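In what follows, a single structure is set out as structure tokens and then discussed.
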Amino acid sequence: MASNAAPLGTLPSGIGIFTCLPDILYLPELVFGGLVWILVASSLVVPANPQGWVMFVSVFCFVVTFLWMVLFACGAHHNKPGWAAADFVYHGIAAFFYLSASVALATVTIEMKDGSIFLNYQLDISAVVFSYVATLLYFVHTILSAIRWKSF
């Protein structure tokens, strides 16, 4: 029976990052984070401050996750435990950021239910759902990264 987890105490590189946990979560994180980014950017920004925070979080996490994935794919980590710790810390911060952005976006969306353009309301509802999915993905990645870090 094939296992989809890297051996304990190792960090994958190359195409191996797409076949083992938690690194297989990079692609869904990018997809759902990109969807949040696109949906918030295409909706009418009524309260600029919470929407700006959501945009910052989605763009920041998208760019850093992409760079992190490329670094892992190139093998820049050289299988050192510091990289496993950094992976855990980054994904923990990203999960916290996405949770705060999701709550802010949900609050703004609930407040705009009455008296707003229905299309913008639908876009914001979709963005809230995808934002919470991205939060869950980053949280799961954080837990699995912590387990991998502890195995070093």
Side-chain angles (χ1 to χ4, degrees), residues 2-6 11-77 82-149:
S3 173
N4 62 348
L11 294 171
S13 61
I15 200 75
I17 66 169
F18 300 115
T19 61
C20 66
L21 288 172
D23 302 312
I24 199 167
L25 296 174
Y26 283 130
L27 292 179
E29 289 167 356
L30 288 172
V31 168
F32 285 102
L35 285 171
V36 172
W37 178 8
I38 291 167
L39 289 168
V40 171
S42 65
S43 68
L44 179 65
V45 180
V46 177
N49 194 17
Q51 297 283 46
W53 173 246
V54 175
M55 281 298 291
F56 169 76
V57 169
S58 61
V59 171
F60 173 79
C61 289
F62 185 88
V63 170
V64 174
T65 300
F66 180 76
L67 293 174
W68 201 251
M69 181 182 71
V70 169
L71 286 172
F72 266 62
C74 292
H77 53 72
W83 280 85
D87 188 44
F88 162 66
V89 169
Y90 164 67
H91 283 92
I93 291 170
F96 177 74
F97 276 8
Y98 254 111
L99 181 62
S100 68
S102 299
V103 170
L105 186 59
T107 303
V108 167
T109 303
I110 289 170
E111 291 173 358
M112 72 182 290
K113 182 172 79 172
D114 298 326
S116 75
I117 300 171
F118 189 65
L119 177 62
N120 288 327
Y121 181 63
Q122 289 177 321
L123 291 172
D124 278 350
I125 288 174
S126 300
V128 168
V129 170
F130 291 138
S131 182
Y132 277 111
V133 171
T135 302
L136 179 65
L137 288 169
Y138 278 104
F139 180 74
V140 169
H141 199 139
T142 301
I143 298 301
L144 295 174
S145 292
I147 293 169
R148 178 170 62 189
W149 172 50

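Please read all numbers here as calculations on a predicted model, not as lab measurements.
Between V36 and S58, the shortest heavy-atom distance links the atoms CG1-CB, 4.0 Å. The heavy-atom pair separating G75 from S13 by the smallest distance is CA-CB, 3.7 Å.
Partners of F96 under the side chain to side chain contact (heavy atoms under 4.5 Å, CB included) rule, at least two apart in sequence or in another chain, do not exist in this structure. Not counting sequence neighbours, the partners of F72 by the ring-ring contact (aromatic ring centres under 6.0 Å, His included) test are W68, H77. A search for side chain to side chain contact (heavy atoms under 4.5 Å, CB included) contacts involving F88 returns T142, S145, A146, W149, not counting sequence neighbours. Under the rule for a ring-ring contact (aromatic ring centres under 6.0 Å, His included), the partners of F60 that lie at least two apart in sequence or sit in another chain are F56. In terms of the ring-ring contact (aromatic ring centres under 6.0 Å, His included) criterion, F139 has no residue partners (sequence neighbours excluded). Legend: residues meeting side chain to side chain contact (heavy atoms under 4.5 Å, CB included) with V31, ordered by chain and number and at least two apart, are L35. F130 pairs by the ring-ring contact (aromatic ring centres under 6.0 Å, His included) definition with F32, not counting sequence neighbours.
Sequence neighbours left out, not one pair with a member in residues 52-76 passes salt bridge (Lys or Arg N to Asp or Glu O under 4.0 Å). Counting only residues at least two apart or on different chains, no salt bridge (Lys or Arg N to Asp or Glu O under 4.0 Å) pair has a member in residues 122-147. The side-chain hydrogen bond (donor to acceptor under 3.5 Å, both in side chains) pairs that include a residue from residues 32-41 number zero, where partners must be two or more places apart or lie in different chains. Applying the salt bridge (Lys or Arg N to Asp or Glu O under 4.0 Å) test to pairs two or more places apart or on separate chains, those with a residue in residues 17-44 are D23-R148.
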### Task
Could you go through the side chain to side chain contact (heavy atoms under 4.5 Å, CB included) check for H91 and L25 one step at a time?
CA-CA 11 Å; H91 283 92; L25 296 174; over 6 Å; no
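Not a single donor-acceptor pair under 3.5 Å links the side chain of H141 to the backbone N or O of L137. Using modelled atom types, no side-chain atom of T65 and backbone atom of F62 make a donor-acceptor pair closer than 3.5 Å.
Note: L71 CG to L11 CG = 12.0 Å, rounded to the nearest 0.5 Å. Here Y138 contributes atom OH and I93 contributes atom CD1; the two are 12.5 Å apart, rounded to the nearest 0.5 Å. Annotation: the span from D87 atom CG to L144 atom CG amounts to 10.0 Å, rounded to 0.5 Å. Between the OG atom in S126 and the CD1 atom in I38 there is a gap of 12.0 Å [rounded to 0.5 Å].
No more than 12 heavy atoms of other residues, nucleotides or ligands shown are found within 6.0 angstrom of CZ on F66.
For the pair Q51 and S43, the minimum side-chain heavy-atom distance is below 4.5 Å. Here the side chains of S42 and L123 are in contact, with some heavy-atom distance below 4.5 Å.
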In a table with atom names and distances, give each donor-acceptor pair under 3.5 Å that connects a side chain of residues 97-110 to protein atoms at least two apart or in another chain.
from : atom 1 : to   : atom 2 : distance (Å)
S100 : OG     : W53  : NE1    : 3.0
S100 : OG     : F97  : O      : 2.8
S102 : OG     : Y98  : O      : 2.7
S102 : OG     : S131 : O      : 3.3
S102 : OG     : S131 : OG     : 2.5
S102 : OG     : T135 : OG1    : 3.1
T107 : OG1    : V103 : O      : 2.8
T109 : OG1    : L105 : O      : 2.7

